[in-house]
Amino acid sequence: MISRRAFLAGAAVGVAQPLGAAEDTLAIGAARAGLIFGASIDASAFDNPAYLDLYRRETQMYVTDVALKFDWLRPAEDVWNFDPADRIVAAARAEGKLVRGHTLVWNDNAPAWLKKLSNREIERVFDEHIDRVASRYAGALHSWDVVNEPFWPMDRRIGGWRDGPWFSAMGPAYVERAFRRVAAVDPKVKLTLNEAQCDNDGDWGRSIRPLLAGLVDRLQHAGAPVHAIGLQSHLQPKFPRDYADFARYIAGFGAKGLEIYISEFDVDDSVLPDAPEERDAAVASLAGEFLLQALAVPAVRLVTTWQLSDRYSWYRGLPGNRANGARFPARPLPFDDRFRSKPMRAAVLNALEKRAADLRRLKP
Ligand code: 9MR
């Protein structure tokens, strides 16, 4: 039953809420399923009361979207811009939310000043950066994406590694070096290796999956402190999919004692039908199909979407993407431009409820 209050709230903005969705927030649904639900956030959300309200109500965890990325944090070697990340961490503490730090080390989006340095200088900056940033937030974060997207076979490096300054200065050793360094200054945070594409069953997904699994094996064999694998899960209906196979793949990490985070969840709707209702239905159906498989894996501990409202999705800013072209703006997330629930939210809740029911059966 939809409560009178929720019904009136829905009526006030003129939308019919999907059954159940008005009462259970995603945070509540996740807690029942033994999971954390959250979303990436920009510090600008704190100047946007309606959006902030959605974060406060629907999430248990904030992920620093861009605030802790190297190029945002350090526009020049001696200029540090900690304000946005500090704001997110302080707000989360005040509101009782958890925070995921994204991301310390990524070979993409390196600023020009870094690329100009010699290999020795790059190594010095690497160590100094990790020490300074990880110690500033030591004790304040649930998890750190220590390394983001280590593989990108299209860069044509031996071993399929993503190219960039860290890789070219240190080779594959940069990964283990980063994990050990963060552990030394923040021994409690969950150290995460975050990767893209593994959810798709096309060439990219199939090439990256074994590379990631091999890296995890080598890190574990070397005794490196790795606690979790982040699977970004930007679902792309243009690629083949086999989510049951994806679930088996991630269960393999679980069997090695690792937690699994569905870390950047959203659905690329650029190849879906134009009519918004049809697109919303297709986005919801794909999100549900994926989560029903993924959440059946017990090692999955959290789901975080990449932003919460379509209005602030990264797909809106992609040049050349059909979603950003004249035809229609992207609708990849559980809430629309006016922060109203979409069918995707109901699909996420449904998958959470299924996992909660499975849990109840296991522990009567
Ligand atoms: O959402 C992020 C966008 O605002 C940035 O411009 C972009 C480049 O820094 O990164 C986006 O987030 C990416 C994330 O860091 C890693 N996985 C893919 C995400 C979407 O591109």
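Being a predicted model, the structure only gives us computed values, none of them experimental. Read the numbers this way: they start at 1 and go in the same order the structure lists the ligands and their atoms. We number each residue from 1, following the sequence as shown.
Note: no N/O pair closer than 3.5 Å links Trp72 and ligand 1 by distance alone. The distance criterion of under 3.5 Å between nitrogen or oxygen atoms is met by Gln232 with respect to ligand 1. Residue Trp106 has no N or O atom closer than 3.5 Å to an N or O atom of ligand 1.
Taking the six-membered ring where tryptophan is involved, the planes of Tyr51 and Phe339 are essentially parallel, since the angle between them stays under 30° and well short of 60°.
Nearest protein heavy-atom neighbour of atom 20 (C) of ligand 1: Trp314 CD2, 3.3 Å. Scanning the protein for heavy atoms near atom 11 (C) of ligand 1, the closest one is Lys69 NZ, 3.4 Å. Protein heavy atom in closest approach to atom 12 (O) of ligand 1: Trp306 NE1, 3.0 Å. Among all protein heavy atoms, the one lying closest to atom 19 (C) of ligand 1 is Glu264 OE1, 3.3 Å.
Counting heavy atoms closer than 4.0 Å to ligand 1, residue Val66 contributes side-chain atoms (C-beta onward) but none from N, CA, C or O. Neither the backbone nor the side chain of Gln307 comes within 4.0 Å of ligand 1, counting heavy atoms alone. The side chain of Asp65, and not its backbone, has at least one atom closer than 4.0 Å to an atom of ligand 1 (non-hydrogen atoms only; side chain from C-beta on). With a 4.0 Å cut-off on non-hydrogen atoms, Asn148 touches ligand 1 through its side chain and not its backbone.
In this structure, the ring of Trp161 has its center less than 6.0 angstrom from the ring center of Phe151. If you look at His129 and Trp166, their ring centroids are not closer than 6.0 Å. Centroid-to-centroid, the aromatic rings of Phe167 and Trp152 stay 6.0 Å apart or farther.
The only member of Gln232, Arg209, Gln236 that meets side-chain hydrogen bond (donor to acceptor under 3.5 Å, both in side chains) when paired with Gln197 is Gln236.
Contact annotation for atom 1 (O) of ligand 1: protein present (non-hydrogen atoms, distance under 4.0 Å).
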task = Go through Glu149 and Trp106 one step at a time and tell me if the side-chain hydrogen bond (donor to acceptor under 3.5 Å, both in side chains) criterion holds.
result = CA-CA 7 Å; Glu149 300 175 8; Trp106 189 16; 3.1 Å; yes
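A cation-pi contact links Arg279 to Phe328, judged by a cut-off of 6.0 Å to the six-membered ring centre and 45° from its axis.
The side-chain heavy atoms of Tyr261 and His142, taken from C-beta on, include a pair separated by under 4.5 Å. Two residues are said to be in side-chain contact when any heavy atoms from C-beta on lie closer than 4.5 Å; Lys342 and Asp310 meet this criterion.
Ligand 1 places these atoms under 4.0 Å from at least one heavy atom of Glu149: 16 (C), 17 (N), 18 (C).
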